[in-house]
Amino acid sequence: MRTVTPGRIDSVTQEELNAVVAECAARTERAAAISEEARAGIDVARRRQEAAIARHEELLTKHREIDARI
């Protein structure tokens with residue numbers, strides 16, 4: 001294990017650098033997949049909410065029509 005002293009930047013090998021870059025790329029891909037899954041869930045929730053609002057408005061209209069007859 002390397003020791004690190006403040007103000008000193010240790011050199012790294014190309015192999016170490018490649019490993020870090022590969023790890024970062026993998027994390028980025030996982031984050032993108034999680035974000036895409038979240039967006040899909042939000043879209044489903046939005047469609048359900050829109051359908052519920054439409055049903056509510058329909059029932060409200062029917063209720064007002066019934067009240068107008070009474």
Side-chain angles (χ1 to χ4, degrees):
M1 180 163 210
R2 296 179 183 178
T3 60
V4 178
T5 56
R8 181 174 167 207
I9 300 174
D10 288 327
S11 61
V12 295
T13 65
Q14 186 65 40
E15 185 177 298
E16 291 172 321
L17 185 59
N18 288 342
V20 170
V21 170
E23 181 182 343
C24 290
R27 286 183 183 196
T28 300
E29 288 178 16
R30 286 193 302 268
I34 290 169
S35 293
E36 187 61 33
E37 186 177 333
R39 278 189 216 102
I42 290 169
D43 287 342
V44 168
R46 181 184 46 77
R47 286 192 297 274
R48 286 181 182 169
Q49 181 70 28
E50 289 171 350
I53 290 169
R55 285 191 306 273
H56 179 265
E57 289 174 351
E58 181 181 327
L59 290 173
L60 187 59
T61 300
K62 288 180 182 180
H63 185 270
R64 287 180 179 155
E65 289 172 359
I66 291 170
D67 279 349
R69 290 185 218 154
I70 298 178

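Interatomic distance, His56 NE2 to Thr61 OG1, rounded to the nearest 0.5 Å: 9.5 Å. Distance check, rounded to the nearest 0.5 Å: CZ of Arg47 to CD of Glu50 gives 8.5 Å. Considering CG of Leu17 and OG of Ser11, their distance stands at 11.5 Å, rounded to 0.5 Å.
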query = What's the verdict on side chain to side chain contact (heavy atoms under 4.5 Å, CB included) for Arg46 and Asp43, showing C-alpha distance, side-chain angles and the deciding distance?
reply = CA-CA 5 Å; Arg46 181 184 46 77; Asp43 287 342; 3.9 Å; yes
query = Can you list the steps and then say if Arg39 with Glu36 is a salt bridge (Lys or Arg N to Asp or Glu O under 4.0 Å)?
reply = CA-CA 5 Å; Arg39 278 189 216 102; Glu36 187 61 33; 3.0 Å; yes
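Residues Ile66 make up the rest of the hydrophobic cluster containing Ile70, defined by ILVMFWY side-chain heavy atoms closer than 4.5 Å, directly or through other members.
Other residues, nucleotides and ligands contribute at most 12 non-hydrogen atoms within 6.0 Å of the CD atom of Glu37.
Across Glu57, Arg64, Glu58, a single residue satisfies side-chain contact (heavy atoms from CB on, under 4.5 Å) together with Leu60, and that is Arg64.
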